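Nothing here was measured: the structure is a model prediction, and the numbers come from that model. In listed order, ligands and their atoms are each counted from 1.
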Amino acid sequence: MKPKIFIDGEHGTTGLQIRTRLAGRDDLEVISIPEAERRNKDLREEFLKAADVAILCLPDEASKEAVAILEGNNSTKIIDTATAHRVHPDWAYGFAELDNAQRAKIAKARLVANPGCYPTGAISLIRPLRDAGILPADYPISVNAVSGYTGGGKQMIAQMENPDAPDHIASNHFLYAMPLKHKHVPELQLHGRLDRKPIFSPSVGRFAQGMIVQVPIYTSDLNGNASMADIHAALTAHYNGQNIVQVVSLETSATLPRLDPEELRDTDIMKLYVFGTEGSGQVNLVALLDNLGKGASGAAVQNLDLMLGHG
Ligand SMILES: NC(=O)C1=CN([C@@H]2O[C@H](COP(=O)(O)OP(=O)(O)OC[C@H]3O[C@@H](n4cnc5c(N)ncnc54)[C@H](OP(=O)(O)O)[C@@H]3O)[C@@H](O)[C@H]2O)C=CC1
Ligand SMILES: CC(=O)N[C@@H](CCC(=O)OP(=O)(O)O)C(=O)O
């Protein structure tokens, strides 16, 4: 029997992209609710309970509701793409490259919380340096980022694309979350193994998919005055042996005149860069990804495969 997969929120931005990635797979069966019935709670309950794996692509509250429906049901595994369970101790954090143990943890978990798009970029840069003993736990981390507007889901897509929408956004690029209380901060702090809350400053650009996440660092404040080469070596060692997170060489990074957030659009790859000038005392650590690829739907399918034993 093929495992049954139900994508709750299949007709939203993240759900649709998961559906596309699963189209044509003959090792599993996607069970699906017609779009007009997407908010029919009874039908959703029936599908949630019938699934071997339910992938939740819903706002936080609806996601918690779906998890409550499955309370005590041990036959449906859950991947939640929302923010709701990312710092919950009973949930495995769905970033397979987090450390040596994470892939196996995800593979045997019933509850997997897919990481946020921005945290995927920032944690991929921070965590290996924490684990290697280079980055002190109390380092004052800042994370500055730009995302494509699909990161805000159907609502923001309409705001950006429809000039007649009452809440239309005409800006080509804007900052938001200025009170520094973005929903991603707890996740960044916990999985980045940071003692202090990072300062997270996201922004959105007038492009659909893509993301740049920047973590600037003073190397003189790192343990042992780690050099740019040491930082790059630690990242390279951490991501050795897998093909989704790619550490770009220092030589290539040094030749880049600019970095385009859309470069990895429609891929599930993430590229990491160490920018700067050796000896200057500063580096800018940068992650480049598609917010809907490794930042959401691609990661959900990667986790699904691990949970189905295809890892
Ligand atoms: N977009 C992105 O880049 C990323 C998104 N995520 C996370 O994925 C989740 C989904 O986001 P996204 O796809 O962008 O959002 P969308 O708004 O595009 O899609 C959400 C879908 O859920 C449906 N929905 C909302 N409430 C309910 C409900 N109570 N019952 C059933 N269905 C419901 C919506 O239906 P309706 O059309 O009726 O509103 C819509 O189809 C969020 O939690 C988000 O944080 C994670 C990483 C990146
Ligand atoms: C551009 C934009 O609005 N991005 C969203 C983050 C993406 C999202 O809602 O989902 P995740 O938390 O799962 O990443 C935000 O800042 O709230």
To check your reading of the model: name the closest protein heavy atom to [atom], its residue, and the distance in Å.
| atom | result |
| --- | --- |
| atom 26 (N) of ligand 1 | R39 NH2, 3.3 Å |
| atom 37 (O) of ligand 1 | K154 NZ, 2.4 Å |
| atom 3 (O) of ligand 1 | N291 ND2, 3.1 Å |
| atom 35 (O) of ligand 1 | R38 NE, 3.3 Å |
| atom 19 (O) of ligand 1 | G12 CA, 3.2 Å |
| atom 28 (C) of ligand 1 | A62 CB, 3.7 Å |
| atom 12 (P) of ligand 1 | T14 OG1, 3.6 Å |

Ligand 1 contact by [X], heavy-atom criterion under 4.0 angstrom:
| X | value |
| --- | --- |
| G116 | no |
| R44 | yes |
| Q155 | no |

Considering distance alone, does some N or O of [X] sit under 3.5 Å from an N or O of ligand 1?
| X | result |
| --- | --- |
| T81 | yes |
| E65 | no |
| T13 | yes |

Original post:
Taking D138 for the side chain and D195 for the main chain, is one N or O donor matched with an acceptor at less than 3.5 Å?
Top reply: no
Subject >> Flag side-chain contact, heavy atom, 4.5 Å: P216 against V283 >> reply: no
How long is the span from the [atom1] atom in [X] to the [atom2] atom in [Y], to the nearest 0.5 Å?
| X | Y | atom1 | atom2 | value |
| --- | --- | --- | --- | --- |
| R38 | D8 | CZ | CG | 11.5 Å |
| I244 | K271 | CD1 | NZ | 14.5 Å |
| Q246 | L235 | CD | CG | 13.5 Å |

**OP:** Give the intermediate values and the outcome of ring-ring contact (aromatic ring centres under 6.0 Å, His included) for residues F207 and Y149.
**Re:** CA-CA 6 Å; F207 54 91; Y149 59 78; 7.6 Å; no
**OP:** Evaluate salt bridge (charged side-chain N to carboxylate O under 4.0 Å, His left out) for K294 paired with E97, printing each intermediate quantity in order.
**Re:** CA-CA 11 Å; K294 181 61 172 163; E97 299 82 2; 2.8 Å; yes
Original post:
Under 30°, 30 to 60°, or over 60°: which ring-plane class applies to Y176 and Y118, parallel, tilted or perpendicular?
Top reply: tilted
Original post:
Can you say whether the rings of W91 and H85 are parallel (under 30°), tilted (30 to 60°) or perpendicular (over 60°)?
Top reply: parallel
Original post:
If hydrogens are left out, which of T83, I18, L58 has an atom nearest to atom 23 (C) of ligand 1, that is, the closest non-hydrogen atom?
Top reply: L58
Original post:
For atom 20 (C) of ligand 1, which candidate among S297, C57, G9, C117 holds the nearest heavy atom?
Top reply: C57
With heavy atoms under 4.0 Å as the rule, classify the contact between [X] and ligand 1 as side chain, backbone, both or neither.
| X | result |
| --- | --- |
| T150 | backbone |
| K183 | side chain |
| A82 | both |

Original post:
What residues come within 4.0 Å of ligand 2, counting heavy atoms only?
Top reply: T81, T83, R86, G116, C117, Y118, S147, G151, G152, M156, Y176, H182, K183, H184, V204
Original post:
Can you list every salt bridge (charged side-chain N to carboxylate O under 4.0 Å, His left out) pair that touches residues 99-111, not counting sequence neighbours?
Top reply: D99-R127
**OP:** Would you please test N144 and Q214 for side chain to side chain donor-acceptor pair (under 3.5 Å) and show each step?
**Re:** CA-CA 5 Å; N144 310 306; Q214 307 182 60; 5.6 Å; no
Any atoms of ligand 1 less than 4.0 Å from a non-hydrogen atom of [X]? List them with their elements.
| X | value |
| --- | --- |
| A296 | 47 (C), 48 (C) |
| G153 | 14 (O), 15 (O), 18 (O) |
| G295 | 47 (C), 48 (C) |

Subject >> Over all atoms of both residues, closest heavy-atom pair of G121 and M270 >> reply: CA-SD, 3.9 Å
Subject >> Heavy-atom pair of closest approach, residues M211 and V213 >> reply: CG-CG2, 3.7 Å
**OP:** For the residue pair T83 and H184, confirm or rule out a side-chain donor-acceptor distance under 3.5 Å.
**Re:** no
